[in-house]
There are 2 protein chains.
Amino acid sequence: MKDLSPKQDQILDFLRSFIEEKDYPPSIRDIQEGCAISSTSVVDYNLRKLEDKGYIRRDREISRGIEILGARGRRARIVEIPVLGSIAAGQPIPVPTSDRFGNDTQDMVAVTEDMVRGKTNVFALRVKGTSMIEDLIDDGDIVFLEPARSAVDGDKVAVWLKDREEVTLKRIYHEGDRVRLQPANSTMQPIYTSAENVEIQGKFISSFRPSD
Amino acid sequence: MKDLSPKQDQILDFLRSFIEEKDYPPSIRDIQEGCAISSTSVVDYNLRKLEDKGYIRRDREISRGIEILGARGRRARIVEIPVLGSIAAGQPIPVPTSDRFGNDTQDMVAVTEDMVRGKTNVFALRVKGTSMIEDLIDDGDIVFLEPARSAVDGDKVAVWLKDREEVTLKRIYHEGDRVRLQPANSTMQPIYTSAENVEIQGKFISSFRPSD
DNA sequence: GTTCGGCGCGAACATGCGTTCGAAAGGCGC
DNA sequence: GCGCCTTTCGAACGCATGTTCGCGCCGAAC
């Protein structure tokens with residue numbers, strides 16, 4: 001796992017840029033041409049070296065069976081999260097689409113999965129307004145939520161208010177047969193409504209502030 | 001760009017999971033086996049259909065020359081950002097390493113590049129303490145910074161304090177030949193020090209709060 | 001019924017591509 | 001100089017893989 005020869009370094013660089021551009025690994029002969037090497041066996045030789053040193057992984061007998069390891073290669077699992085819309089701005093958010101891949105032009109953000117704690121089906125919303133400012137959630141923040149239909153008192157949840165036809169982000173408290181939706185902003189009043197009127201959409205996981 | 005047959009849908013799914021797992025696209029025959037198709041020509045046929053419909057791109061005559069387009073394929077540029085250490089906790093942070101890829105075991109987070117506004121060489125730090133709480137930066141947050149050697153008054157910057165040998169995140173104000181490092185916490189006092197004593201490391205871009 | 005187009009099938013073909021082998025050309029210590 | 005190892009070279013071998021073509025199997029339109 002030490003330093004590598006200039007040629008190996010060159011090959012590694014070529015590997016990266018090739019994959020970056022084409023989205024699939026190069027063949028031995030691609031590398032040969034790309035690095036101006038005279039023989040395929042030289043490429044093979046150095047590839048073995050790189051494998052020994054742990055920089056790449058190769059699937060033998062398989063064309064283009066090269067995988068970059070280490071640093072960039074030991075890639076953390078990356079999840080792409082749809083940004084479904086805005087929250088607490090009065091307008092309804094689109095119902096979480098069937099995901100799969102119909103949502104072509106939809107906003108997406110990608111994060112390492114530890115940023116959403118390995119949860120699945122996480123979605124995101126843009127926060128409008130400062131109703132949760134004391135929970136350090138500001139206007140313009142992006143909040144990550146995991147789908148949920150229920151929550152315990154004090155949870156920060158996105159809820160659908162049937163009568164208002166809007167989604168809002170608040171702390172939730174069950175009080176008998178009604179629900180208190182508590183903003184984290186001392187200048188704002190809680191919303192009291194009936195339990196039937198609220199439909200929990202998701203629970204707060206984490207948040208991101210795009211800019212200053 | 002309309003709906004696709006069950007077989008095409010299946011192939012597309014297989015493509016995704018294969019690439020996800022192996023890091024390189026499957027061959028025609030890989031698809032054949034993986035989807036229990038009896039002939040390679042059937043795969044080829046449906047692959048052409050998928051290409052016509054714009055779901056994939058193929059490089060002819062090239063083994064495994066398949067690239068997924070659309071939705072997941074038109075992948076947003078993802079940048080990996082090193083989390084260099086903690087800030088404002090008293091201990092120094094390691095000097096931003098030479099990047100390239102010597103930093104194997106280093107913590108990394110990946111985000112879409114719009115989350116760091118396309119800046120380059122961005123790095124990240126974990127925040128310790130609540131000295132910036134009123135700027136909505138809490139203990140445990142991860143802040144993204146762009147390298148900078150100077151800043152204008154009011155900027156949130158990470159500065160190296162030579163005499164204390166520590167890095168801290170504060171708002172900076174130049175006051176004559178001295179510098180005021182202003183915490184965003186009314187219970188804390190600003191730090192006054194000489195301009196020579198501070199070395200600006202980076203400017204605040206954005207922040208992320210991992211958990212509730 | 002017949003026809004036609006979408007789709008699947010299997011086999012053969014041509015070539016892309018990984019692998020192997022023998023030989024030779026450097027470094028490096030002796 | 002002499003060994004010994006690493007690296008390079010060129011060519012051939014052979015499997016892996018993309019491509020093609022003729023032939024069936026429908027279901028829809030006529």
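Defined by atom type and a distance below 3.5 Å, a donor-acceptor pair is missing between the side-chain atoms of A:Asp44 and A:Ser41.
Remark: the backbone N or O of A:Leu145 is not paired with any side-chain donor or acceptor of A:Lys203 at under 3.5 angstrom. The backbone N or O of A:Val152 sits less than 3.5 Å from a side-chain atom of A:Asp155, completing a donor-acceptor pair.
Surrounding CG of A:Asp163 are more than 12 heavy atoms belonging to other residues, nucleotides or ligands, all under 6.0 Å away.
Annotation: the span from B:Ile31 atom CD1 to B:Leu12 atom CG amounts to 10.0 Å, rounded to 0.5 Å.
Protein chain A contacts DNA chain C over a range whose 5' and 3' limits, counting nucleotides with an atom under 4.0 angstrom from a non-hydrogen atom, are C:dC17 to C:dC21.
Side-chain atoms of B:Val157 and B:Lys170, non-hydrogen and from C-beta on, never get closer than 4.5 Å to each other.
Residue A:Lys49 places at least one side-chain N or O under 4.0 Å from the OP1 or OP2 atom of D:dT7. In this structure, A:Asn46 reaches the D:dT8 phosphate: one of its side-chain N or O atoms is under 4.0 Å from OP1 or OP2.
Remark: A:Arg57 does not engage B:Asp23 in a salt bridge, criterion side-chain N to carboxylate O under 4.0 Å.
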Point to revise | Sugar-phosphate or base contact per nucleotide [nucleotides 14-26 of chain D; S, B, -; heavy atom under 4.0 Å] | key: --SBBBBB-----
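When the side-chain contact (heavy atoms from CB on, under 4.5 Å) test is applied to A:Arg149, the partners found at least two apart in sequence or on another chain are A:Glu199.
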